[in-house]
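This report concerns only the one structure given below.
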Amino acid sequence: MHIFYTPDIQTCAELPEEEAAHAVRVLRLQTGDEVTLTDGKGNFYRAEISTATNKRCLVRILETIPQAPLWTGHLHIALAPTKNMDRTEWFAEKATEIGFDELTFLNCRFSERKVVKTERISKILVSAIKQSLKARMPRLNEMTDFKQFVAQPFEGQKFIAHCYEGEKPLLKDVLTPGLDAVILIGPEGDFSEEEVKTAEAHGFRPVSLGKSRLRTETAALVACHLLNLQNQ
C-alpha cells in the first residue's frame, strides 16, 4: 500500500512536491494508478492519479475514509532533547509508531542542547505516521523554556518524571484513562531541584517510570507507551 501525506488535500488535489517526486520518480506510479492518502487530521483517502509528470502528481479522490481515534485523551510529551540528535530522532519515530498527540522540546537548566531543527523532526513524524498507518499527525512545537512551559494552562493530568528521592508513585498507577495528560521528561543531567519545585507549584505530580535508571529518550518512550496503553 502506497500512502502519501497530503495535509491540504481537501483544498488542493495535488501531492506535495516531495511526495509527488517519490510517487512518480521512485515508485514509477502513473495516471490511473490508485493510491492512499492521509491528511494527518484523522482521514484516509482512496484516490486515483489523474496527472503524473516529472514535477507534479494530481489526484482524484474516490473515497474519504474517516478514522476513529486509536486512543482517548490528548497525550503530550515535553522532552529535553538529547545532545546526540540521533537519539531524539529515534524517540520521535518510535513514539509516533506507538501513538501520541503532541511533542514539545524543553530548554532546561541542565540541557545539553539548546537548539532543535524541527523541520527534520517533522519529516520523521510524517514518515512514521505513514509507516504505522496512522491518520493523525502529532503536533510538533518549537523549543520552549521550562518555566514558561510549566506556567501554561493545561487541561487534564500533569506529571513530571525525575530521579530525586521522595514519594513518586508509578505513572501507570496514578494515570486516569480518558483524560488529557502531559508529562515532563528531563535532560541526561535530570531537571534541577528548582525546576522540580517549580513544576510541582504549577500542579505537576512527580511520578516514577520504574526501578531502572533510563536515558532521556528511553524514559520518554516508556512514558509514551504507558500513556498510550492506559488510554486504549
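One-based numbering along the sequence shown.
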Flag if over 12 foreign heavy atoms under 6.0 Å of NZ, K114:
yes
Nearest heavy-atom neighbours spanning S122 and M137
O-CE, 3.6 Å
Just checking Y164 against F191, ring centres under 6.0 Å apart?
no
Quick one: pull up NE2 in H22 and CD in E18 and give me the separation to the nearest 0.5 Å.
11.0 Å
For atom CZ of R109, is the number of surrounding heavy atoms from other residues, nucleotides or ligands below 6.0 Å larger than 12?
no
Rounded to the nearest 0.5 Å, how far apart are CD1 of I183 and SG of C224?
10.0 Å
What orientation do H76 and F154 show, parallel under 30°, tilted 30 to 60°, or perpendicular over 60°?
perpendicular
If hydrophobic clusters are built from ILVMFWY residues whose side chains come within less than 4.5 Å, do F105 and F100 share one?
yes
Would you say Q152 has more than 12 foreign heavy atoms packed within less than 6.0 Å of its CD?
yes
Side chain to side chain donor-acceptor pair (under 3.5 Å) with Y45: of D39, T64, T38, T6, only one passes, and it is D39
Can you hop from F204 to L79 via hydrophobic side chains spaced under 4.5 Å?
no
As an exercise, state the distance from CD1 of I98 to CG of L75, rounded to the nearest 0.5 Å.
11.5 Å
So, the side chain of K168 versus the backbone of H162: is there a donor-acceptor pair under 3.5 Å, distance only?
yes
Is the number of heavy atoms from other residues, nucleotides or ligands under 6.0 Å of K147 NZ greater than 12?
no
Rounded to the nearest 0.5 Å, how far does NZ of K130 lie from CG of L125?
12.0 Å
Taking S127 for its side chain and I124 for its backbone only, find out whether a donor-acceptor pair lies under 3.5 Å.
no
Counting only heavy atoms not in Q30, do more than 12 fall under 6.0 Å of its CD?
no
Regarding E14 and R56, does a basic nitrogen lie under 4.0 Å from an acidic carboxylate oxygen?
yes
Note: E194-K197 ion pair, threshold 4.0 Å (strictly below)
no
Which heavy atom of F146 sits nearest to which heavy atom of A199, and what is that distance?
CZ-CB, 4.1 Å
Tell me whether L226 shares a hydrophobic cluster with I185, the cluster being built from Ile, Leu, Val, Met, Phe, Trp, Tyr side chains joined at under 4.5 Å.
yes
Between the side chain of E19 and the main-chain N/O of P16, is any donor-acceptor distance below 3.5 Å?
no
Charged N-O contact under 4.0 Å between E34 and R46
yes
Is it true that the side chains of T104 and T144 contain a donor and an acceptor less than 3.5 Å apart?
no
T82 and E217 side chains, donor-acceptor separation under 3.5 Å
no
Return yes if some donor-acceptor pair links the side-chain N/O of K83 with the main-chain N/O of S111 below 3.5 Å, else return no.
no
If two hydrophobic side chains count as joined below 4.5 Å and joins carry through other members, does I9 share a cluster with L15?
yes
Is the shortest heavy-atom distance from the side chain of V24 to the side chain of C57 under 4.5 Å?
yes
What is the distance from atom NE2 of H74 to atom CZ of R139, rounded to the nearest 0.5 Å?
7.5 Å
If you count the non-hydrogen atoms of other residues, nucleotides and ligands that lie under 6.0 Å from CD in E63, is the total more than 12?
yes
Please report the closest heavy-atom contact between A128 and E93, naming both atoms and the distance.
CB-O, 3.7 Å
Side-chain contact test, heavy atoms from C-beta onward, threshold under 4.5 Å: evaluate it for L227 versus W71 and give yes or no.
no
Might you point out which heavy atoms bring V59 and A47 nearest each other, and give the distance in Å?
CB-CB, 4.2 Å
Check this for me: E48, atom CD, are more than 12 non-hydrogen atoms of other residues, nucleotides or ligands nearer than 6.0 Å?
yes
Applying the 4.5 Å side-chain criterion to the ILVMFWY set and letting contacts propagate, would L70 and Y5 be lumped into a single cluster?
yes
Without hydrogens or angle criteria, can the side chains of H2 and T36 be said to hold a donor-acceptor pair below 3.5 Å?
no
Testing the basics here: between K55 and A20, what is the closest heavy-atom pair and its distance to 0.1 Å?
O-CB, 4.3 Å
In terms of side-chain heavy atoms, does N141 have a donor or acceptor partner in E102 at a distance below 3.5 Å?
yes
Determine the minimum heavy-atom distance between A181 and L175, stating which atoms define it.
CB-CD1, 4.1 Å
From I121 atom CD1 to M85 atom CE, the distance as rounded to the nearest 0.5 Å
4.0 Å
